[in-house]
Amino acid sequence: MPNRRAHLSPQTAHGELAAALAALRTDNAVPSDFPADARAEASTAETSEPGEDLRHIPFVTLDPAGAKDLDQAFHIEHRDDGFRVRYAIADLPGFVRPGGALDRETRRRGQTLYLPDGRIPLHPAELSEGRASLLPGADRVAYVWELDLDASGAVTSADVERARVRSRAQLDYATAQTALDAGTGGPLLELLRDVGLLRAEHERSRGGASLNMPDEEIVREPNGYRIVRSFARPIEEWNAQLSLLTGMAAGRMMLDAGVGILRTMPAPDEAALTAFRARVASLGHPWPADTTYGEYLQQLDHASPTTPGVLQAAASLFRGADYTPFDGVVPEQTMQAAIAAPYAHVTAPLRRLVDRWGLVICAAICADEPIPEWARASLDELPALMRASNQLAGQLGSQALDRVEAALLRDRVGEVLPAIVVEVRGERARVQLDDPAVTAQVASAGYTAGTRVDVRVTAADVASGTIELAPLTDGSGDRPAVSAA
């Protein structure tokens, strides 16, 4: 499930929070540049010529405005009584020499890291924003997935091969959504909407759920910091369905062939679900017993100030995500519980290491060719590499969020704010403020998880990301006999 992600507005690029985030990079020894030999490889490496030429297919990309690392391009057409989706993925494997300097550096990094003050890329910009990126008007080699769907949006066949492609346009979400809403989006975007809606219905029917966390922009104003939230546009969700469709096709392809690496995650246990139900009910968003998890998330009111808190709770509901390699014996655990299907990462090779393996494995399976030895021999190494990368990403994300949340409360020290008790452990409780949706610890004062309380902000230090709260009411709404700092 996606993590909460915030970014600084341009006017917040300087000041106390920006300084705290810069120090975070230094304290965690986050790499600021690439070794010279890795950059040299990225600048000079050439990919091999593919067997197919699909430059006549009018692919387009669809990303946030200004993006340069373009992993995916798509094309959709009606076919018989259904659809044909072509999904082109950047040929990153062709540019990285196994065992070379760039390969070593990307294995060390694992993924692109995202922080509120910018990102730390997996690959040098010469490659990820240039020679491998599916930029408009440029001839590129890509792994092209061809996915045939019936009229209901169900997959009837899937194939992938390397081919030469040329994107016709670089679309951005805001402009594309505006055009669709005005009826001027054109046939391709209308087909994206049609397929996206059908695939979303399949997601709901199988019990899956897309957790679309809001974009959070941190803005500095004369009276302090605040968050400006914006939720994903419908076209972003339809576009995401193409990636999910491809990842599920890849997972099924690997299982049928008996070799590959899946992204797996167990379903939450009953205790976690019970705690989640209590938490969201206290936030004013009860989960009806006759509604699936996916339907519940879809029905949330984005205008409610407590909805971000519900989404944060949902993001923490699913735990234990991992990468599961196999060669010959299919693993016992094959499902990605949030997606409710077997799934593999193959659509973001510019930003995620494991996708490089997934792409070459699936292409070899479809071509009935041997899987490249470098990929097969190193399958078992990937989980540890990705776990280390995910651990660093989680650590940085948590520490950055601490600093952002401290900034949000810096100018509210002394104020009394309503909160929900999330968890109680001994004499300490974790509470989530209603607004801003900040989570912090407080002396429990007899609290019970799921109850509403009032707390006073007594300290908020941006540099360290520490927040101190004092309880003003117990779980019944009564004031405790003794206040705690």
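Just so you know, residue 1 is the first one in the sequence shown, and it goes up from there. Given the structure is predicted, the values throughout are model-derived calculations rather than measurements.
Closest non-hydrogen pair, Thr61 versus Ala73, comes out as CG2-CB, 3.8 Å. The heavy-atom pair separating Ser128 from Ser133 by the smallest distance is O-CB, 3.4 Å. Looking at every heavy atom in both residues, Pro286 comes nearest to Tyr296 through O-CE1, 3.5 Å. Shown here for Ile365 and Ala257, the closest heavy-atom pair between the two residues is CD1-CB, 3.5 Å. For the residue pair Ala437 and Glu405, the shortest heavy atom distance occurs at O-OE2, 3.7 Å. Closest approach of Asn28 to Leu24, counting heavy atoms only: ND2-O, 2.9 Å.
Contact annotation: the side chain of Asp148 never approaches that of Phe83 to less than 4.5 Å [non-hydrogen atoms, C-beta and beyond].
Arg199 places a side-chain N or O within donor-acceptor distance of the main-chain N or O of Gly153, the cut-off being under 3.5 Å. Between the side chain of Asp80 and the backbone N or O of Gly82 there is no donor-acceptor pair closer than 3.5 Å. The main-chain N or O of Leu102 is found under 3.5 Å from a side-chain atom of Thr106 such that the two form a donor-acceptor pair. Side-chain atoms of Asp150 come within 3.5 Å of backbone atoms of Ser152 as a donor-acceptor pair (strictly under, hydrogens ignored). Put simply, the side chain of Arg319 never gets that close to the backbone of Pro266: no donor and acceptor are under 3.5 Å apart. Judged purely by atom type and a 3.5 angstrom limit, His123 has no side-chain atom pairing as donor or acceptor with the backbone of Ala132. Counting only distance, with no hydrogens or angles, the side chain of Arg104 and the backbone of Gly99 share a donor-acceptor pair below 3.5 Å.
Atom CG of Asp33 sits in a crowded spot, with more than 12 heavy atoms from other residues, nucleotides or ligands closer than 6.0 Å. Taking a 6.0 Å sphere around CG of Asp139, one finds it holds more than 12 heavy atoms contributed by other residues, nucleotides or ligands. The number of heavy atoms from other shown groups lying within 6.0 Å of CG (Asp380) does not exceed 12.
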- Audit row: Glu203, Gln241, side-chain contact (heavy atoms from CB on, under 4.5 Å) steps and yes/no: CA-CA 9 Å; Glu203 180 178 78; Gln241 287 294 334; 3.5 Å; yes
- Determine, stepwise, if the pair Glu423 / Arg279 fulfils salt bridge (charged side-chain N to carboxylate O under 4.0 Å, His left out). CA-CA 9 Å; Glu423 182 182 39; Arg279 183 172 174 182; over 6 Å; no
- Residue pair Thr246, Gln72: steps toward the side-chain contact (heavy atoms from CB on, under 4.5 Å) verdict: CA-CA 11 Å; Thr246 306; Gln72 311 110 6; over 6 Å; no
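For the residue pair Gln399 / Asp27, no side-chain donor-acceptor distance below 3.5 Å is found, with atom types taken as modelled. A side-chain N or O of Asp172 and one of Thr175 form a donor-acceptor pair less than 3.5 Å apart. Side chain to side chain, Ser398 and Gln395 fail the donor-acceptor criterion of an N or O pair below 3.5 Å.
A distance of 3.5 Å separates CD in Gln336 from CE in Met265, rounded to the nearest 0.5 Å. In this structure, CG on Asp69 lies 7.5 Å from CG on Asp63, to the nearest 0.5 angstrom. Distance check, rounded to the nearest 0.5 Å: CD of Glu77 to CZ of Arg79 gives 7.0 Å.
Residues passing the side chain to side chain donor-acceptor pair (under 3.5 Å) test with Ser48 are Arg162, sequence neighbours excluded.
Applying the ring pair (Phe, Tyr, Trp, His ring centres under 6.0 Å) rule to pairs touching residues 231-275 yields Phe231-His302, sequence neighbours excluded.
In this structure, Glu41 pairs ionically with Arg97, as a charged nitrogen and a carboxylate oxygen lie closer than 4.0 Å. Between Arg263 and Asp322 there is no salt bridge, since no side-chain nitrogen of the basic residue lies less than 4.0 Å from a carboxylate oxygen of the acidic one. Looking at Arg39 and Glu126, a side-chain N of the basic residue comes within less than 4.0 Å of a carboxylate O on the acidic one, giving a salt bridge. Ionic pairing of Arg107 and Glu105 is not present here: no N-O contact between side-chain nitrogen and carboxylate oxygen is shorter than 4.0 angstrom. Using a 4.0 Å cut-off between charged side-chain N and carboxylate O, Glu381 and Arg387 make no salt bridge. Checked for salt-bridge contact, Arg376 and Glu373 miss the test: no charged N lies under 4.0 Å from a carboxylate O. The residues Arg351 and Asp71 are annotated as salt-bridged, a charged nitrogen and a carboxylate oxygen being separated by less than 4.0 angstrom.
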Tabulate below the donor-acceptor pairs under 3.5 Å that side-chain atoms of residues 340-347 make, not counting sequence neighbours, or state none.
from: His345; atom 1: ND1; to: Tyr323; atom 2: OH; distance (Å): 2.8
from: Thr347; atom 1: OG1; to: Ser243; atom 2: OG; distance (Å): 2.8

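Seen from the ring of Phe95, Arg356 does not count as a face-on cation partner, given the 6.0 Å and 45° thresholds.
Ring geometry for Trp287 against Phe276 counts as perpendicular: the plane angle is over 60°, on a 0 to 90° scale with 30° as the lower cut.
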